[in-house]
Amino acid sequence: FRRVLFRSTTNSLVNAPSDNLWYNTIRSLLLSIPGVGAVNIDALNNLITIETSRTNLTLQGQEIKVELNIQYDIICLT
């Protein structure tokens, strides 16, 4: 599963996504996985808790990894 979190349309190097955008994107991405019933994000402790669906047990005991890839498109003007 993949989702674009943020795409800057400015030339600013300090333009970044908000924390809430990050949390909401991660929550919706995880909820789109079959078998995930609930996602709780504790931002203060940097903890994500994933609960399996009571009717779909395929994820019980499985490891779910959340990875963030940052891609920069840099254009040098001379």
Side-chain angles (χ1 to χ4, degrees):
F1 293 85
R2 288 181 165 212
R3 182 156 306 157
V4 174
L5 167 69
F6 178 78
R7 181 173 284 132
S8 177
T9 57
T10 68
N11 292 330
S12 172
L13 295 177
V14 295
N15 194 9
S18 68
D19 290 345
N20 283 335
L21 176 60
W22 165 249
Y23 303 138
N24 291 336
T25 301
I26 292 299
R27 180 178 289 111
S28 67
L29 178 65
L30 291 171
L31 286 171
S32 72
I33 298 172
V36 172
V39 176
N40 299 305
I41 298 177
D42 180 352
L44 294 176
N45 294 308
N46 199 28
L47 182 67
I48 300 173
T49 304
I50 302 168
E51 298 177 20
T52 58
S53 172
R54 298 187 191 283
T55 59
N56 185 338
L57 305 178
T58 58
L59 291 178
Q60 283 190 335
Q62 298 297 315
E63 179 179 332
I64 296 176
K65 293 182 181 182
V66 176
E67 296 180 354
L68 172 66
N69 292 315
I70 300 174
Q71 178 180 338
Y72 294 99
D73 291 327
I74 300 173
I75 299 172
C76 297
L77 301 175
T78 56

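Start at 1 with the first residue, then count along the sequence.
Proximity of I48 to L30: side-chain heavy atoms (C-beta onward) are separated by under 4.5 Å at one or more points. Considering only heavy atoms from C-beta on, L29 stays 4.5 Å or farther from V66 through its side chain. Looking at T49 and D42, their side chains never come closer than 4.5 Å, going by heavy atoms from C-beta outward. The side-chain heavy atoms of E51 and N40, taken from C-beta on, include a pair separated by under 4.5 Å.
Heavy-atom minimum distance, V39 versus R27: O-NE, 3.6 Å.
Atom CD1 of residue I26 and atom CG of residue L31 lie 11.0 Å apart, to the nearest 0.5 angstrom. Atom-to-atom distance recorded for T52:OG1 and I33:CD1 is 12.5 Å, nearest 0.5 angstrom. Expressed to the nearest 0.5 Å, how far CG of L57 lies from CD of Q62 amounts to 11.5 Å.
The side chain to side chain donor-acceptor pair (under 3.5 Å) check on D19 picks up nothing, with sequence neighbours excluded.
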